[in-house]
Amino acid sequence: MPSLREQHVMARYNVKETEARWQSRWAQDGCFEVEADPAKPKYYVLEMFPYPSGRIHMGHVRNYTLGDVVARYKTARGFNVLHPMGWDAFGLPAENAAIERGVHPHKWTHENIDAMREQLKGMGLSYDWRREVATCDPSYYRHEQKMFLDFVKAGLAYRKESWVNWDPVENTVLANEQVIDGKGWRSGAPVEKRKLNQWFLKITQYAEDLLGALDGLEGRWPDKVRLMQHNWIGRSEGARVRFQLVGRDDSLEVFTTRPDTLFGASFCAVSANHPLAAEMAEGNEELQAFIAECNRMGTSEADIETAEKRGYRTTLEVEHPFVPGKTLPVYVANFVLMEYGTGAIFGCPAHDQRDLDFARKYDLPVLPVVLPPETDPATVTVADEAYTGPGKIFNSDFLDGMDIEAAKSEVAGRLETIGRGERTTTWRLRDWGVSRQRYWGCPVPMIHCESCGVVPVPEDQLPVELPEDVEFDSPGNPLDRHPTWKHTACPSCGGEARRETDTFDTFFESSWYFARFTDAQGEIAFDRDAADYWLPVDQYIGGVEHAVLHLLYARFFTRALRDCGYLSIAEPFAGLVTQGMVCHETYRADGRWLYPDEITKTDGGDWVTVDGGKPVTVGRVEKMSKSKRNTVDPANIIGSYGADTARLFMLSDSPPERDLEWTEAGVDGAWRYINRVWREITECPTALPAAGTPKPAELSAEAETVYRACHKTILAVADSIERFRFNSAVAQVRELSNQIFSLAGTGAGEAWVLRFGFETLVRLMAPMTPHLCEELWRQLGHDSMLATAAWPEADASLAENDTVTIAIQVNGKLRATIEMAKDSSKDAMIEQALEQPNVIKLLEGKSPRKVIAVPNKIVNVVA
RNA sequence: GGCCCCGUGGCGGAACUGGUAGACGCACGCGACUUAAAAUCGCGAGCCUUCGGGCGUGAGGGUUCGAGUCCCUCCGGGGCCA
């Protein structure tokens, strides 16, 4: 005979056993395996697939929990829900592991995938695992090689020599989007400029469309992300101006967004990489040195802005197009980018801060040409701040008196008339450089032949697979060093030729994986019917750090695939949610960071180290990171509390887009709640009627209240989930459970309402804590599975009370509340309000000056 | 420097379109159960108060019968672009 205590322990919720059992039931029954079915409405939920580092972290747990709630909820709402998972499996960490530990990237990656798959399965996520893909498998990347060849044919991919960002740590080229503040986005190393032959994808061809289509995403994408893409694409309208070079036949073409300030120009400047700079540098060591120095500088605008503005004055001069006899000196300057506009500018120091800094340094004239409002032209001066605000043009001949916009237009028109320039639009967005000098990526399917040039690998020879036998013992690209791999025959002339040894940027793979999931095992990239049915992704969820990387590339790629006949859509992600970071307090002792499990609290409430009892300084809450050691391993949490606890906590404390602070207390709270629900339902002392018993005619007042609360909550939780307010959904569920659990179960119909309440609760919580709910559903006597069950029906008439509470204000301050029948007339409301003792008192016998009544809400008496 | 977002109890956060601020939870306090503790359950709680009430959503002003919510200025934090 077990003791009471043992009985209690036995009866308690057995998380491990329960979660494992339902996970295998779901898998066995194929609950989450779906097929395209035109008869059913579809819903595609996708979380950004992970890089297989080997272990999931809390960011993953949050991301996938959010997606899983949506997937399970949408399934319950009758949608045919596609919810897949895969692996963004190419990338540098695998190569680094090979270098550091001698493990082959292939082996390392696949072992990591196996480990992470198990961890994800332990979270109880509703994935259709049959659709799993790993981007490093030839069965995946072969399609990407074909796409690339099609892009080449369509003129969407091309090879050119250009100045590129070189990451000296990763030993590879980076795209512009991958350089943050002049540093490699992953390595953090300052990037250098190198001139290399690279493959580019013509994302700029879609600049206008990528920008314009952002409007169509309003409301479904965070404004923040749309704004970031808007800024990144960076459309600017302006004009090209061709300045005649003095004493030469050619001219210098500059781009400006401020043609209205042309009369204030006092110099021209070209980029260090401008052809004119190279020409002038011939035989000029001083200029050569200056150009070399410019190339060492960071490439980002922020770098350029903070660096000292410097220039080298060449012997060249240009003629002002509208002022006969006026010439401007030409500088080579470190703040002019070859990649932007034409690589040359004219400087108007009075109205541009950079130009002003430059002019002051080199003692160039500063002529104001925009007169700020209510300023006397006779006294206007420019000190050390350029004026960029509105005003009237002056000191500018035919532009005098115009406003800025009119002047821009007038200058452009006159330039066009005299053939010295024209209106034009430029973009900040650059073409996407996709060549990487690394091994663990998709090989670029191209062959270099001495006589035929660059030749595509014939389609029947795809995929070009990575060789397995590679050495990582010296720096550089192992493909390039491989003894045989790159030697091949030219498909065109049959002569000796060399394979391209660069591989694709790994953002290539993630630019189309969402479409591959619609038919993940197919022989062709996408089955058109499956893709047309499932796409676009209805709800995409991931980190905001990809706002202008992955998300922009994927939008471009989808358009390119559409134009090459692969897909029918332009926008891959109809809805987007960007989740915040998972944060944690930081701890340190003796100047060393400590993991949360290395510290403990003393009786006095102070934090000390577990071994040694040294005092611990508690630091600010920061994003979980290995370097700060403020990480909590999800495996430990799931191991001790279970997946449902981890999931519930991820949802309950903060709305998804905000940062979430992981706290022990919070996890405990979630854990306690799960056990409370378990206990209240499985140990309910009231004998419940059998499942499916019809509602009794009589309900006690308490039972009626709880019954109505259930209907109310069904609607409220659905609304919260639809709006991504999962924290509110959790609060509503808890509120309902507080009501249900305090129902005595003794009055008329109360046993029936208890069952109804339990069932409602379990069904509402099922998307959030699926294992617990599945188990309780079974305990409540059901054979069906909640994973595939419909969302509970709410009776809207029951969700609303017959009476409402009306707030009574006097002069805007709450003085009383009254219960009234719903939809009572304004007159009735006012009549009742004026009878309130508090109102009578405050009116002091006077009649109110004004009374406002809002039906079902409020009466405000103005005394 | 420009643009955008955010600022609510001790803490995380509720409050959809202006209409009872602080739901729900965490931490806390008191009580019950217990030899005791843990667990659990119940109750309390924005601040001040002369117990009438007064004050409260970063600060100041404005619009309104009524402002956390709308407008202006400023402060603080974050992001993007320069």
Side-chain angles (χ1 to χ4, degrees), chain A residues 4-5 8-9 12 180-181 222-234 236 300-306 335 337 340 352-354 385-386 388-389 428 544-545 547-548 578 580-581 583 585 605 620-621 623 648-649 651-655 657-673 675-676 679-680 683 713 716-717 719-720 722-739 741-742 804-818 838 841-842 848-863:
Chain A
L4 273 176
R5 187 188 152 78
H8 185 66
V9 168
R12 274 181 77 180
I180 316 286
D181 290 337
D223 290 346
K224 185 173 61 170
V225 175
R226 292 190 307 122
L227 181 69
M228 279 163 75
Q229 293 213 355
H230 183 97
N231 289 339
W232 187 265
I233 294 167
S236 52
S300 78
E301 282 88 346
D303 268 354
I304 285 158
E305 198 60 29
T306 46
F335 64 90
L337 278 176
Y340 189 75
D352 182 284
Q353 194 59 44
R354 284 193 303 205
E385 254 186 63
T388 55
R428 222 182 76 91
V544 73
E545 64 273 19
V548 285
T578 52
M581 300 180 294
C583 303
E585 272 184 334
R620 35 181 282 193
V621 175
K623 179 187 180 173
L648 184 61
F649 178 60
L651 298 168
S652 42
D653 259 31
S654 299
E657 62 279 7
R658 237 188 270 191
D659 288 352
L660 174 101
E661 188 190 345
W662 182 273
T663 59
E664 272 305 306
V667 182
D668 278 337
W671 164 248
R672 279 203 304 269
Y673 181 65
N675 279 285
R676 178 171 175 224
R679 224 182 314 108
E680 292 281 358
E683 296 172 17
T713 308
V717 170
D719 184 57
S720 293
E722 301 271 5
R723 293 191 299 131
F724 268 84
R725 311 310 298 261
F726 302 126
N727 55 330
S728 295
V730 172
Q732 285 145 359
V733 162
R734 293 184 88 128
E735 208 170 351
L736 177 65
S737 59
N738 287 342
Q739 287 195 59
F741 298 155
S742 52
V804 287
T805 310
I806 307 290
I808 309 297
Q809 297 182 336
V810 177
N811 291 333
K813 285 192 173 146
L814 184 72
R815 296 301 174 184
T817 57
I818 53 175
N838 246 341
K841 195 175 80 184
L842 284 154
R849 284 200 292 149
K850 194 174 175 185
V851 184
I852 292 102
V854 181
N856 298 326
K857 290 230 165 97
I858 201 165
V859 177
N860 189 9
V861 180
V862 185

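Letters A, B, ... mirror the listed sequences (proteins, then strands); counts begin at 1. Being a predicted model, the structure only gives us computed values, none of them experimental.
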List, with names and distances, any nitrogen or oxygen atoms from the protein found under 3.5 Å away from nitrogen or oxygen atoms belonging to nucleotides 58-64 of chain B.
none

Any protein N or O atoms within reach of nucleotides 77-80 of chain B? Criterion: under 3.5 Å, listing atom names and distances.
unit_1, atom_1, unit_2, atom_2, d
C80(B), O2', N231(A), ND2, 3.4

Any protein N or O atoms within reach of nucleotides 51-55 of chain B? Criterion: under 3.5 Å, listing atom names and distances.
unit_1, atom_1, unit_2, atom_2, d
G54(B), OP1, R815(A), NH2, 3.4
G54(B), OP2, R815(A), NH1, 3.3
C55(B), OP2, K813(A), NZ, 3.3

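Under the rule for a side-chain contact (heavy atoms from CB on, under 4.5 Å), the partners of D223(A) that lie at least two apart in sequence or sit in another chain are R226(A). A search for salt bridge (Lys or Arg N to Asp or Glu O under 4.0 Å) contacts involving R725(A) returns nothing, not counting sequence neighbours. In this structure F741(A) satisfies the ring-ring contact (aromatic ring centres under 6.0 Å, His included) test with no other residue, sequence neighbours excluded. The salt bridge (Lys or Arg N to Asp or Glu O under 4.0 Å) check on D659(A) picks up nothing, with sequence neighbours excluded. Annotation: side chain to side chain donor-acceptor pair (under 3.5 Å) contacts of T805(A) (sequence neighbours excluded): E819(A). Take E545(A) and apply the salt bridge (Lys or Arg N to Asp or Glu O under 4.0 Å) test, not counting sequence neighbours, and it matches no residue.
The CG-C1' distance, from D352(A) to A82(B), rounds to 11 Å in whole Å. What separates CD of E657(A) from P of G13(B) is a distance of 11 Å, to the nearest Å. Per the geometry, CD belonging to E683(A) stands 11 Å off P belonging to C41(B), to the nearest Å.
Distance CD/E680(A) to CG/N675(A): 11.5 Å, rounded to 0.5 Å. Taking CZ of R815(A) as the start and CD1 of I808(A) as the end, the distance is 12.5 Å to the nearest 0.5 Å. To the nearest 0.5 Å, atom CG of residue N856(A) and atom CD1 of residue I806(A) are 5.5 Å apart. Taken to the nearest 0.5 Å, the SG atom of C583(A) stands 12.5 Å off from the CZ atom of R658(A). Once rounded to the nearest 0.5 Å, the distance linking CG of L842(A) with CD of Q809(A) reads 12.5 Å. The CG atom of L648(A) lies 9.5 Å from the CG atom of D653(A); values are rounded to the nearest 0.5 Å.
Side-chain N or O atoms of N838(A) include none that pairs as donor or acceptor with a backbone N or O of A816(A) at under 3.5 Å. With N860(A) contributing its side chain and I852(A) its backbone, the two residues share no donor-acceptor pair below 3.5 Å.
Comparing the same atom, C1', in G9(B) and in A45(B) gives a spacing of 10 Å after rounding to whole Å. For the C1' atom pair drawn from G58(B) and U69(B), the interatomic distance equals 16 Å after rounding to whole Å. Rounded to a whole angstrom, the distance from the P atom of C51(B) to that of U57(B) is 26 Å. When the C1' atom is used for both A67(B) and G19(B), the distance is 10 Å, rounded to whole Å. Spacing between A39(B) and G29(B) at atom P, rounded to whole Å, works out to 13 Å. For the P atoms, the distance linking C70(B) with U8(B) amounts to 16 Å, nearest Å. Between the P atoms of G13(B) and G66(B), the separation comes to 32 Å (whole Å). Taking atom P in both G68(B) and G22(B), the straight-line distance is 12 Å, to the nearest Å.
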Nucleotide by nucleotide, 5' to 3', does protein get under 4.0 Å of the base (B), only the sugar-phosphate (S), or neither (-) in nucleotides 14-28 of chain B, counting heavy atoms? SSS--BB--BSSSS-
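In textbook terms, a nucleotide whose glycosidic angle is within 90° of 0 is syn, while G46(B), being further out, is anti. Annotated as anti: G10(B), whose glycosidic dihedral deviates from 0 by more than 90°.
The minimum heavy-atom distance linking V717(A) with A729(A) is given by the pair CG2-O, 4.0 Å.
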Atom pairs and distances, side-chain donor-acceptor, residues 665-673 of chain A, under 3.5 Å, sequence neighbours left out:
unit_1, atom_1, unit_2, atom_2, d
D668(A), OD1, Y641(A), OH, 2.9
Y673(A), OH, S737(A), OG, 2.8

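With a 3.5 Å limit on both pairing distances and Watson-Crick or G-U wobble geometry required, the stems of 3 or more pairs in RNA chain B span B:1-7 with B:75-81, B:10-12 with B:24-26, B:28-32 with B:40-44, B:46-48 with B:53-55, B:58-62 with B:70-74.
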What's the verdict on side chain to side chain contact (heavy atoms under 4.5 Å, CB included) for N811(A) and V862(A), showing C-alpha distance, side-chain angles and the deciding distance? CA-CA 5 Å; N811(A) 291 333; V862(A) 185; 3.8 Å; yes
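Between N811(A) and E661(A), the residue anchored nearer the 5' end of RNA chain B, judged by the nucleotide with its closest heavy atom, is E661(A).
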